Structures are given as C-alpha cells and as structure tokens.
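The structure under discussion appears below in the form of structure tokens.
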Protein chains: 2
Amino acid sequence: MNIKIAIADDHQLFLKSLSLLISSFQGLTIVAEAVNGKELLEKIAHLPMPPDLVLLDVNMPVMDGPKATAALQKAYPGIKLVALSMKDNDATIISMLKAGCCAYLLKDIHPADLEKAIREINETGYYHNDASNVNYRRLILQSEQSETITEREKEFLSLACSDLTYKAIAQKMNVSERTVDGYREILFHKLNVQSRTGMVLEALRRQLVSL
Amino acid sequence: MNIKIAIADDHQLFLKSLSLLISSFQGLTIVAEAVNGKELLEKIAHLPMPPDLVLLDVNMPVMDGPKATAALQKAYPGIKLVALSMKDNDATIISMLKAGCCAYLLKDIHPADLEKAIREINETGYYHNDASNVNYRRLILQSEQSETITEREKEFLSLACSDLTYKAIAQKMNVSERTVDGYREILFHKLNVQSRTGMVLEALRRQLVSL
DNA sequence: GAGCATACCGGGAAAAACCCCGGTATAAGC
DNA sequence: GCTTATACCGGGGTTTTTCCCGGTATGCTC
C-alpha cells in the first residue's frame, strides 16, 4: 500500500523538485502539489481519497503554514501534518506544533533522512530527529508562558517596520494617534523593549514581520 | 553534447531534489553538488572537465554566493554563473551581478522556465526573464552611484540597531552626541531614509548589519 | 599649498517618540 | 450581572530624534 503524500510550498521549483524526489522513493506517491495553503485544501478536496501525510512549508502567501495546518487538522483529523521549513527559530516551530503538526523538519535534511522520517511518521504518527527532540518540551513551555499578539497589534507592528511616523500609521489604520500610542505601549511590554527601533528588531527576530 | 551543470545550495533537500529534476531534462547533466561555495570549488577542481554552467544559491555558510561567484569567475572565466535565490531585493541581486553572474533566477521559477533559462544561458551567455529584464539597467546604475560606507559609520550603524539612544551610542563610541548626529545625517542620506527605524531596516536589507 | 575626504564638535529649535493620568463601547464567558 | 478581553480615545508631560546653523584638525593627493 503506497503512502499518499501532498506537498505545499510557494517556491515552484522546490515544490516540483521535491515532488520528483519523493516519487522516486519506493512506495511513496505524490497525490497533490500546491503553492499555498488555500490551493492545497482545494486540491485535497477534489481527491478521491485524502492523502496520508502532508508536507507543509511554513512561509507561504495566501494561506500560510500555521493557518493551513489548523484548517487541515480540522477537516481531516486523520492526516499526518509535517512542517517543512528553512527556519529553525523557536517561534516558527512553536506556531506549527501548536497548530497541530506532528513533526518539524528542516529543508537542509538529507533526502535519505526525509524518506525515513516520512515512513516513521506514517506508521507511528511522530518523528524524533535526535537534535530537536530535546528541545520540544522547552519550546512548549516557553510558548505557554509567552504573550499573544492580537491581529490589530500585528498590523501596527508591520506598519511600524517602516519610515512612517506614528501619526501616519494612525491615519493608515484609521484610528487616533492615541490609539497607536496604546499599541506601542503594549507591544513594548510584550516584546520587552523600550524603543521603536528595539521593537522593530525584536519583531524581525521573532519573525512577526519580515523584511 | 550534454550541458554539464554544477549546483551549490546549503539546503541538502533542495540540492538533491533540484539535481534530480535537472537530470530528468534531456541533455542536462549534473556533474557536481555542493552545500557551500568552498565545497563547490573543491569538487569542480577534481572534475576531469569544468561544468558549463553553475547554479549558485546566494545565502550559504562558509562561502556565500557573491564570494563563490567571484572565485569561480576568476578560476574558470568560461563558466556561466547563474544566481538562484529566494530573495528578490535589489541589494542581493546587485551583489551577485557585480560579482559576475550572468543571470539571476528566483526559486519560485517554474521548472519548465528553469530548463528554458539554462539552455538559453548556455547558448547565448545571458537570460532575460521579461519581468526582471526591465530593472537590470536601473540596478546597475544604482549600484554604480551607490555610496560607500566608512568603518566608523558601520560601527555606528551596528550600535543604532539596538535599543540604545544616540546619547548612549555616543558614549560607547567615545565621541560627542553631535558627532553621532553627524553619522546619522550622512547615513540617512546614503541609505535614502528619514528615520532611525528606516535606517535600521535598510541596513538589514543591505546586509550591512545582521540580526 | 590648494583641494578634498575624514573625523570630530557646539548650540538651537521643531518634530517625533515616549510615558503617564484618565476614559468608553462591545463582545465573550461564567 | 460580573469579569475579562479587545478596540478605541483625550490631554498632559518629558525625552529623544531630527534638522538646521556654524566650526576645527588631520592626512592625503596633485
């Protein structure tokens, strides 16, 4: 019985290449390819049978990794979800694991290890790369005590990562200057910084925004 | 006559996948794979014949894209060098083109386009993706007139990428506040920004500082 | 020694950022 | 009905940043 696999990655070249690579492994079949979460959900919906396992990139346009993970988890609880990312920073890993991924693989994994990981996840439901295993508990703990950032705050954060003044940001967000002042205050506290520059840098480090 | 291709990319999974994909194209052969520039140079040196074309990732450890490009350009002037990156920001593209690349491809290129691009570059020595073509001249112009940044300015820039006030930076650099004000002024002009936040972001984009 | 680049410095003023005080309205959950 | 959370707002203040004016000293090149 072949293991049915779906892949989502916004880089077409990587998507097609990886698809070819996985197809070359005995007993692994690619049943869907997508360049974002939305397309993935649509393609899976049109399949006669859902895949056994989904490889998901974290950073995608339209519907990113965590959102796609959550949607898939809800629609097809049986599918094993595997995050596949270049980034090994804590925040990214946490967001995917919290959303319901059962494993987190890095893109610099060796093809042979990927094959091994896919088979292991398909059978047991989880995979432990020796190195990452150790840190999982710490990550979960950290995520529980870490502050949450609301949508509106994220919006402010994106706008703050620019040459715009708070006044201009207030106009763009259609709120008073006092209100963005409030966002600033609360984010300074949540990110543990004391200047806009520090806030921008911390937001970049936590990948709440990108360059 | 097969086109001999070498690839360098620090993500093993991508490297092997892409290698497989390219090998599947008629008349294209992979003669070397490497996870960084240094390894690539070593592997090429051991080949009976150098490759016709090299696909180079921009961001790699040990020896990055621009450095590898320059080294290859010097050692094997006949090889066509092609940058392959996820980033489409000006600074990255400029650094690769200046180092001697004849084309810059993005990783979200479609496999069929990649094949077309490889064949075209191998024959003509260049490739013009319609979209990017338009901007090349602007980029070259921009790079030629781009300002140089002195050591002291770089030092200031690093310190400015923090929660420190200019006053604190002045103390750390052992100069008066007025002096750091001067650095700020000149860097605002050189980076074409009008706030400290903008300066920090631009410095990160140009990789003058890192997170 | 003239011209130029680099590094450095003083003072003043306007704008932006930062930091408090206070408040309302709405929706979700017990 | 009460708490909790989110989104929003007004007015006051200080500090920092930003943007001007001006200047000196050193070293390098032609």
Side-chain angles (χ1 to χ4, degrees), chain A residues 66-67 70 74 94-95 98-99 143-206 208-209, chain B residues 143-206 208-209:
Chain A
K67 280 181 196 147
K74 202 179 165 195
I94 289 170
S95 70
K98 278 183 86 169
S143 79
E144 275 165 6
Q145 62 190 216
S146 89
E147 316 256 15
T148 60
I149 288 160
T150 68
E151 278 307 307
R152 203 74 174 140
E153 282 161 11
K154 278 183 192 162
E155 197 183 334
F156 163 72
L157 210 42
S158 306
L159 290 168
C161 289
S162 72
D163 246 349
L164 298 171
T165 65
Y166 287 139
K167 195 170 176 177
I169 292 172
Q171 282 170 9
K172 282 217 174 196
M173 289 180 77
N174 278 314
V175 294
S176 83
E177 291 180 48
R178 179 62 189 82
T179 303
V180 305
D181 206 28
Y183 294 140
R184 182 190 54 70
E185 242 169 78
I186 207 157
L187 278 167
F188 273 25
H189 181 249
K190 285 184 181 177
L191 298 180
N192 192 32
V193 294
Q194 43 274 329
S195 73
R196 178 164 171 182
T197 307
M199 179 175 71
V200 166
L201 290 164
E202 191 58 28
L204 286 166
R205 284 194 197 99
R206 298 199 189 184
L208 299 169
V209 294
Chain B
S143 79
E144 274 167 6
Q145 65 189 215
S146 93
E147 319 257 11
T148 59
I149 289 160
T150 68
E151 277 309 307
R152 202 73 173 142
E153 282 162 9
K154 278 184 193 161
E155 196 183 336
F156 163 73
L157 210 42
S158 305
L159 291 168
C161 289
S162 73
D163 247 349
L164 298 171
T165 66
Y166 287 138
K167 195 170 175 178
I169 292 172
Q171 282 170 9
K172 283 215 172 196
M173 290 180 75
N174 278 315
V175 293
S176 83
E177 291 180 49
R178 180 61 190 81
T179 302
V180 304
D181 202 30
Y183 294 141
R184 182 192 55 68
E185 243 170 75
I186 207 156
L187 278 167
F188 273 23
H189 181 250
K190 286 183 180 176
L191 298 180
N192 192 32
V193 294
Q194 44 274 330
S195 73
R196 178 166 171 181
T197 307
M199 178 175 72
V200 166
L201 290 165
E202 192 58 29
L204 286 167
R205 283 194 199 99
R206 299 199 188 183
L208 299 170
V209 295

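Every chain is numbered from 1, with letters handed out A, B, ... down the list of sequences. Predicted, not measured: the structure shown is a model, and the values here were computed from it.
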Partner residues of Glu202(A) under the salt bridge (charged side-chain N to carboxylate O under 4.0 Å, His left out) criterion, sequence neighbours left out: Arg205(A), Arg206(A)

Side-chain N or O of Tyr166(B) less than 4.0 angstrom from OP1 or OP2 on dT18(D)? yes

Round to the nearest Å and state the distance from Gln194(B) atom CD to dC19(D) atom C1'. 13 Å

Within less than 4.0 Å of OP1 or OP2 of dT17(D), is there a side-chain N or O belonging to Ser195(B)? no

Closest heavy-atom pair and its distance - Leu159(B), Arg196(B): O-NH2, 4.1 Å

Can you check the Glu153(A) CD to dA5(D) C1' distance for me, whole Å? 11 Å

Which atom pairs, donor and acceptor, lie under 3.5 Å between side-chain atoms of residues 169-178 of chain B and protein residues at least two apart or in another chain?
residue	atom	partner	partner atom	Å
Ser176(B)	OG	Arg178(B)	N	3.2
Ser176(B)	OG	Thr179(B)	N	3.3
Ser176(B)	OG	Thr179(B)	OG1	3.3

Could you tell me if the side chain of Thr150(A) sits less than 4.5 Å from the side chain of Ile186(A), heavy atoms only? no

Whether each nucleotide of nucleotides 22-28 of chain D has a protein heavy atom under 4.0 Å at its base (B), only at its sugar-phosphate (S) or at neither (-) is summarised, 5' to 3', as B------

Take atom NE2 of His189(B) and atom P of dT6(C), then tell me their distance rounded to the nearest Å. 14 Å

When you look at Glu185(B) and Asp181(B), which way does the side chain to side chain contact (heavy atoms under 4.5 Å, CB included) test go after all the steps? CA-CA 6 Å; Glu185(B) 243 170 75; Asp181(B) 202 30; 4.2 Å; yes

Begin with the C-alpha distance, continue with both residues' side-chain angles, and end with the deciding distance and a verdict on side chain to side chain contact (heavy atoms under 4.5 Å, CB included) for Val193(B) and Leu201(B). CA-CA 10 Å; Val193(B) 294; Leu201(B) 290 165; over 6 Å; no

Using only modelled atom types and a 3.5 angstrom limit, is any donor from either the side chain of Asp181(A) or the base of dC18(C) paired with an acceptor on the other? no

Distance, rounded to the nearest Å, where Glu177(A) contributes CD and dC20(C) contributes P: 19 Å

Does Arg196(B) put a side-chain nitrogen or oxygen below 4.0 Å from OP1 or OP2 of dT17(D)? yes

Spacing of Asp163(B) atom CG relative to dT17(D) atom P, expressed in whole Å: 10 Å

Of the candidate nucleotides dA7(D), dT18(D), dC9(C), which contains the atom at the shortest distance from the side chain of Thr179(B)? dC9(C)

In whole Å, I'd like the distance from the CG atom of Leu187(B) to the C1' atom of dA7(C). 14 Å

Separation of atom CE in Met199(A) from atom P in dA17(C), rounded to whole Å: 10 Å

Just to be sure I understand the rule, does Glu185(B) reach a base, reach only the sugar-phosphate, or reach nothing, if contact means heavy atoms closer than 4.0 Å? base

Indicate, with a heavy-atom threshold strictly under 4.0 Å, whether Thr165(A) touches base, sugar-phosphate, or nothing. sugar-phosphate

Can you measure Ile186(B) atom CD1 to dT18(D) atom C1' for me and round it to whole angstrom units? 16 Å

Phe156(A) versus Val180(A): any side-chain heavy-atom pair under 4.5 Å? yes

